[in-house]
Amino acid sequence: MAGDALAALTPSTRIVDTVQAALRSAIFEGELRAGEPLSVPELARRLNVSRSPVREAVLGLVAQGLAVEQPRRGVVVATVDPADLLAIHEIRIFLEAGVAADWLHASKVDAGDRH
């Protein structure tokens with residue numbers, strides 16, 4: 001695995017939810033890289049929890065599309081297809097442009113009310 005520096009857990013919710021949140025954060029922050037195996041025993045050791053909540057959390061990541069099951073490899077962190085990444089980027093640009101236009105329109109309306 002990439003390192004042993006996963007964030008410490010705070011038991012404020014179900015342990016499975018806490019484990020899943022920690023794994024999601026590790027994936028989004030690059031601590032768990034695309035294609036990296038999600039070994040339940042290793043993750044349980046690193047998070048200092050039993051294997052059962054880790055197993056359930058990993059299955060939750062599969063259901064969310066953040067991890068995939070691969071034959072003879074087990075579950076690994078999902079990779080992003082370059083075409084999907086491009087589509088996500090295009091959607092983000094479209095949405096940000098819409099928000100900027102709305103903001104600009106709202107600021108012009110506000111400026112018109114002041115005169």
Side-chain angles (χ1 to χ4, degrees):
M1 300 235 158
D4 286 332
L6 291 179
L9 302 179
T10 54
S12 59
T13 59
R14 288 183 340 137
I15 189 69
V16 172
D17 297 335
T18 306
V19 169
Q20 192 172 69
L23 294 176
R24 283 175 57 88
S25 292
I27 290 170
F28 291 143
E29 293 171 10
E31 294 170 23
L32 294 171
R33 293 178 179 81
E36 186 172 343
L38 295 176
S39 165
V40 171
E42 176 64 17
L43 292 170
R45 183 193 64 76
R46 290 171 64 186
L47 294 169
N48 197 29
V49 296
S50 67
R51 293 178 183 190
S52 293
V54 174
R55 189 175 305 111
E56 189 176 338
V58 167
L59 291 175
L61 294 175
V62 170
Q64 296 170 13
L66 294 175
V68 292
E69 294 184 67
Q70 293 187 341
R72 296 179 301 280
R73 283 196 72 202
V75 178
V76 299
V77 176
T79 57
V80 177
D81 184 277
D84 291 340
L85 192 58
L86 180 61
I88 291 167
H89 182 68
E90 289 172 349
I91 291 168
R92 182 175 177 187
I93 289 172
F94 176 78
L95 293 173
E96 288 176 355
V99 169
D102 288 347
W103 178 83
L104 183 60
H105 177 71
S107 65
K108 284 183 180 180
V109 169
D110 287 345
D113 289 344
R114 287 186 218 143
H115 295 294

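FYI, the numbering just counts along the sequence from 1.
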* To do: Evaluate the side-chain contact (heavy atoms from CB on, under 4.5 Å) criterion for residues L66 and V77: first the C-alpha distance (whole Å), next the side-chain angles of each, then the deciding distance (0.1 Å), finally the verdict.
  => CA-CA 6 Å; L66 294 175; V77 176; over 6 Å; no
* According to a 4.5 Å side-chain heavy-atom criterion applied to Ile, Leu, Val, Met, Phe, Trp and Tyr, with indirect links allowed, do F28 and L32 form part of one hydrophobic cluster? -> yes
* Asked: Which pair of non-hydrogen atoms, one from E56 and one from V16, has the smallest distance, and what is that distance?
  -> OE1-CG2, 3.5 Å
* To do: Answer with yes or no whether the hydrophobic clustering places I88 together with I91; edges join I, L, V, M, F, W, Y residues whose side-chain heavy atoms lie under 4.5 Å apart.
  => no
* Check step by step if side-chain contact (heavy atoms from CB on, under 4.5 Å) holds for V54 and R51. => CA-CA 5 Å; V54 174; R51 293 178 183 190; 5.5 Å; no
* To do: Locate the shortest heavy-atom distance separating A67 from V75; write the atom from each residue and the value.
  => CB-CG1, 3.6 Å
* To do: Report yes if some heavy atom in the side chain of E96 is under 4.5 Å from a heavy atom in the side chain of V99; otherwise report no.
  => no
* Asked: What's the spacing between L23 CG and R46 CZ if we round to 0.5 Å?
  -> 9.0 Å
* Find out if a path of hydrophobic residues (ILVMFWY) with successive side-chain heavy-atom gaps under 4.5 Å connects L43 to V76. => no
* Atom pair CD (E69) and CG (L59), whose distance is rounded to the nearest 0.5 Å -> 6.5 Å
* **Validation row: I27, L61 side chains within 4.5 angstrom (heavy atoms)** => yes
* Closest heavy-atom contact between A78 and V68? -> CB-CG1, 4.2 Å
* To do: For E31 and E36, work out which heavy atoms get closest and say how close.
  => O-OE1, 4.0 Å
* For the residue pair I15 and V49, establish whether any side-chain heavy-atom pair is separated by less than 4.5 Å. => yes
* Of the non-hydrogen atoms in L47 and A22, which two are nearest, and what is the gap between them? -> CD2-CB, 4.3 Å
* To do: Kindly compute the distance separating OG (S25) from CD (Q20), expressed to the nearest 0.5 Å.
  => 10.5 Å
* Would you indicate whether R73, at its atom CZ, is surrounded by more than 12 heavy atoms from other residues, nucleotides or ligands within a distance under 6.0 Å? => yes
